[in-house]
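See structure below.
Values below: every heavy atom of this structure, side chains too, minus hydrogens, waters and symmetry copies.
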Amino acid sequence: MTVQPLGAAQPLRIGFIGTGRKMDKPGPMGYAMAYQHAAAYRSLPEGTVQLVACADISEENGRNFVEANGLQRWYPTHQEMLEKERLDMVSVCVWPHLHAPMVIDASAAGVKAIHCEKPMADSWGASRHMVQVCEERGIQLTFNHQRRFGLPFSRARDMAASGDIGDLVRLEAACGNIYDWGTHYFDTLASFN
């Protein structure tokens with residue numbers, strides 16, 4: 001698969017699976033992450049991406065997302081969106097038990113890149129299957145584990161690597177919801193290690 005740099009040709013056409021109901025104040029128990037994905041895409045240099053369409057089972061949520069983010073269309077199902085739109089990239093922003101089937105559907109539709117919310121899936125087998133399918137089709141599959149790039153985490157990692165704080169001999173973490181935002185802890189500890 002040949003990957004062109006952003007903006008090298010036509011803008012990447014972006015679609016969203018799952019929009020959620022936008023909340024004014026995000027909370028620790030989750031909210032409409034598609035709005036965060038859309039904001040990140042919009043922050044890229046002009047002409048590199050085009051936010052095209054979304055799919056959400058709630059017409060109200062979908063149409064609100066279209067209006068808030070300047071998309072062209074809402075679809076009631078991800079299958080219909082994937083069938084009718086020529087998308088380069090899809091953000092999957094639904095509940096974890098839906099990640100694997102929707103990632104696999106997007107890969108079958110010819111999407112070149114898929115960015116999925118965390119946790120990866122609801123089972124090890126589903127996670128492995130997602131990776132296998134995307135690797136076989138040359139699709140870039142990423143997950144929303146961005147915390148490791150935040151300044152406090154990258155600074156701590158650099159300090160540990162340089163020996164400024166001694167040798168790393170043990171890693172510990174605790175959180176209230178290991179399945180949802182706790183996945184960030186696993187990713188961060190892996191990056192430190």
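Side-chain polar atoms of H115 and T142 form a donor-acceptor pair below 3.5 angstrom. For the residue pair Y41 and T48, no side-chain donor N or O sits within less than 3.5 Å of a side-chain acceptor on the partner. Side-chain contact check for E83 and Q79: no donor-acceptor pair (N or O, by modelled atom type) lies under 3.5 Å.
When atom types are taken as modelled, the side chain of H99 and the backbone of P119 share a donor-acceptor pair closer than 3.5 angstrom. Panel note: side chain R13, backbone R86; a donor-acceptor pair is recorded below 3.5 Å.
When all heavy atoms of S127 and M120 are compared, the pair lying nearest together is O-CE, 3.3 Å. Residue C93 comes nearest to G18 through the heavy atom pair CB-O, 3.5 Å, listed as atom of the first residue, atom of the second, then distance. Contact between D88 and V111 at its shortest, heavy atoms only, is O-CG1, 3.4 Å.
Once rounded to the nearest 0.5 Å, the distance linking SG of C54 with CD of E85 reads 10.0 Å. M102 contributes atom CE, which lies 13.5 Å from atom OG of S91 (distance to the nearest 0.5 angstrom). With values rounded to the nearest 0.5 angstrom, H129 atom NE2 is found 9.5 Å from C134 atom SG. Distance CG/L87 to CD1/I14: 8.0 Å, rounded to 0.5 Å. Residue F65 holds its CZ atom at 14.5 Å from CH2 of W74, rounded to the nearest 0.5 Å. Separating the CZ atom in R155 from the CE atom in M159 is a distance of 8.5 Å, to the nearest 0.5 Å.
Looking at F16 and N69, their side chains never come closer than 4.5 Å, going by heavy atoms from C-beta outward. Two residues are said to be in side-chain contact when any heavy atoms from C-beta on lie closer than 4.5 Å; V94 and I17 meet this criterion.
Two different hydrophobic clusters hold F143 and V133 under the rule that ILVMFWY side chains link at heavy-atom gaps under 4.5 Å. Residues L71 and L44 fall within the same hydrophobic cluster, defined by Ile, Leu, Val, Met, Phe, Trp and Tyr side chains chained together at heavy-atom separations under 4.5 Å.
Using a 4.0 Å cut-off between charged side-chain N and carboxylate O, E60 and R21 make no salt bridge. A salt bridge is defined here as a Lys NZ or Arg NE, NH1 or NH2 lying under 4.0 Å from an Asp or Glu carboxylate O, and R63 with E67 fails to meet this definition.
Heavy-atom neighbours of I57 CD1 from other residues, nucleotides or ligands within 6.0 Å: at or below the threshold of 12. A 6.0 Å sphere centred on CZ of R42 holds more than 12 heavy atoms belonging to other residues, nucleotides or ligands.
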Could you check E117 against H37 for side chain to side chain contact (heavy atoms under 4.5 Å, CB included), going step by step and ending with a plain yes or no? CA-CA 10 Å; E117 269 301 316; H37 289 230; 2.7 Å; yes
I114 vs Q140, test: side chain to side chain contact (heavy atoms under 4.5 Å, CB included). Steps then yes/no. CA-CA 6 Å; I114 302 167; Q140 178 67 55; over 6 Å; no
List the steps, then state whether side chain to side chain contact (heavy atoms under 4.5 Å, CB included) holds for D105 with L82. CA-CA 8 Å; D105 287 351; L82 293 169; 4.0 Å; yes
Let me see the working for R73 and V66 under side chain to side chain contact (heavy atoms under 4.5 Å, CB included), right down to the final yes or no. CA-CA 7 Å; R73 280 170 288 290; V66 165; 5.9 Å; no
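Considering N64, T19, T77 as possible partners of D56, the one that fulfils the side chain to side chain donor-acceptor pair (under 3.5 Å) test is T19.
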